Amino acid sequence: QVQLVESGGGLVQAGGSLRLSCATSGGTFRMGWFRQAPGKEREFVATINWSGSNTNYADAVKGRFTISRDNTKNTGFLQMNSLKPEDTAVYYCAARRRLDIKTGPQDYDYWGQGTQVTVSS
């Protein structure tokens with residue numbers, strides 16, 4: 001069982017930045033970030049392997065978002081720069097017990113409660 005708690009969401013103007021954090025209960029897992037806008041399905045944002053040496057991003061955020069993790073502190077991060085109104089969503093961090101790369105929400109075993117990110121134009 002992995003417990004995850006997101007924080008760091010809020011309201012920001014277009015072009016601004018936010019840093020999301022995901023505090024975990026520890027363990028060995030792949031971490032992913034997903035988001036869900038009103039009326040839309042949950043979508044993949046980014047994923048990082050256990051060691052932090054390999055990352056993958058959705059095309060919509062590539063070059064603007066950076067995923068990272070600090071296993072000594074059992075915490076993951078999502079640095080979001082150059083935010084756009086279309087980035088507005090509830091952001092979730094998730095853990096996958098198997099360590100191979102997957103980007104579908106159905107492939108992740110544990111989820112946080114989510115944190116709201118709102119980008120105004």
Side-chain angles (χ1 to χ4, degrees):
Q1 185 84 7
V2 179
Q3 296 176 327
L4 308 104
V5 179
E6 303 94 336
S7 62
L11 173 65
V12 63
Q13 289 187 333
S17 298
L18 281 175
R19 189 192 197 202
L20 304 184
S21 298
C22 177
T24 82
S25 56
T28 303
F29 53 87
R30 167 174 290 277
M31 177 177 286
W33 284 92
F34 294 80
R35 65 187 183 186
Q36 188 165 18
K40 295 188 177 181
E41 294 186 351
R42 192 168 298 189
E43 65 175 6
F44 168 74
V45 174
T47 185
I48 188 168
N49 65 347
W50 166 245
S51 68
S53 63
N54 181 265
T55 59
N56 294 84
Y57 299 90
D59 288 343
V61 307
K62 202 170 294 182
R64 299 187 297 122
F65 290 12
T66 302
I67 188 173
S68 61
R69 66 193 298 171
D70 182 348
N71 292 334
T72 66
K73 298 181 179 178
N74 293 331
T75 304
F77 304 97
L78 184 68
Q79 177 67 43
M80 306 186 295
N81 298 330
S82 301
L83 282 161
K84 305 175 181 180
E86 51 263 44
D87 294 318
T88 295
V90 177
Y91 283 71
Y92 299 89
C93 65
R96 172 173 167 80
R97 288 172 296 183
R98 293 186 62 176
L99 302 183
D100 56 325
I101 181 171
K102 291 290 186 182
T103 60
Q106 69 279 3
D107 297 312
Y108 285 73
D109 305 293
Y110 306 104
W111 292 83
Q113 82 289 348
T115 186
Q116 177 70 47
V117 171
T118 303
V119 184
S120 64
S121 57

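Small disclaimer: the values here were computed from a predicted structure and weren't measured.
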- Same apolar cluster (I L V M F W Y, side chains within < 4.5 Å links), Leu78/Phe29: yes

- Common cluster, Leu83/Trp33, ILVMFWY with side-chain heavy-atom separation under 4.5 Å: yes

- Query: When rounded to the nearest 0.5 angstrom, what is the spacing between CZ in Arg19 and CE in Met80?
  - Reply: 11.5 Å

- Spacing of CZ belonging to Arg97 relative to OG1 belonging to Thr28, to within rounding of 0.5 Å: 13.0 Å

Check: [Y] main-chain N/O paired with [X] side-chain donor or acceptor under 3.5 Å:
| X | Y | answer |
| --- | --- | --- |
| Asn49 | Asn54 | yes |
| Gln13 | Ser120 | no |
| Gln3 | Ser25 | no |
| Thr75 | Lys73 | yes |

I need the minimum non-hydrogen distance between [X] and [Y], along with the two atoms involved.
| X | Y | value |
| --- | --- | --- |
| Gly76 | Met31 | CA-SD, 3.6 Å |
| Ile48 | Arg69 | O-NH1, 3.7 Å |
| Trp50 | Asn71 | O-ND2, 2.8 Å |
| Ala37 | Ala89 | N-CB, 3.8 Å |
| Tyr57 | Ala46 | CD2-CB, 3.6 Å |
| Ala94 | Leu4 | C-CD2, 4.1 Å |

May I have the list of side-chain donor-acceptor pairs in residues 99-106 shorter than 3.5 Å, sequence neighbours left out?
unit_1: Asp100; atom_1: OD1; unit_2: Arg96; atom_2: NE; d: 3.3
unit_1: Asp100; atom_1: OD1; unit_2: Arg96; atom_2: NH2; d: 2.7
unit_1: Asp100; atom_1: OD2; unit_2: Arg96; atom_2: NH2; d: 3.2

- Atom CD of Gln113: over 12 foreign heavy atoms under 6.0 Å: yes

- In chain order, what residues pass the side chain to side chain contact (heavy atoms under 4.5 Å, CB included) check against Gln116, with sequence neighbours excluded? Thr88, Val90, Thr118

- Message: When you compare the side chain of Arg30 with that of Arg98, does any pair of heavy atoms fall below 4.5 Å?
- Response: no

List, one per line, each side-chain donor-acceptor pair under 3.5 Å for residues 59-68, sequence neighbours excluded.
unit_1: Asp59; atom_1: OD1; unit_2: Lys62; atom_2: NZ; d: 3.1
unit_1: Arg64; atom_1: NH1; unit_2: Ser82; atom_2: O; d: 3.0
unit_1: Arg64; atom_1: NH1; unit_2: Asp87; atom_2: OD2; d: 2.8
unit_1: Arg64; atom_1: NH2; unit_2: Ala60; atom_2: O; d: 2.8
unit_1: Arg64; atom_1: NH2; unit_2: Asp87; atom_2: OD1; d: 3.0
unit_1: Arg64; atom_1: NH2; unit_2: Asp87; atom_2: OD2; d: 3.4

- Message: Please evaluate residues Thr24 and Tyr110 with respect to the criterion side chain to side chain contact (heavy atoms under 4.5 Å, CB included), reporting the C-alpha separation (whole Å), side-chain torsions for both, the decisive distance (0.1 Å), and the verdict.
- Response: CA-CA 10 Å; Thr24 82; Tyr110 306 104; over 6 Å; no

- Message: Evaluate Arg42 against Trp111 for side chain to side chain contact (heavy atoms under 4.5 Å, CB included), listing each step before the verdict.
- Response: CA-CA 12 Å; Arg42 192 168 298 189; Trp111 292 83; 3.3 Å; yes

- Check the pair Tyr91 / Leu18 against side chain to side chain contact (heavy atoms under 4.5 Å, CB included), numbers first and verdict last. CA-CA 12 Å; Tyr91 283 71; Leu18 281 175; over 6 Å; no

- Message: Looking only at side-chain N and O atoms, does Tyr108 offer a donor or acceptor that is under 3.5 Å from a partner on Thr47?
- Response: yes

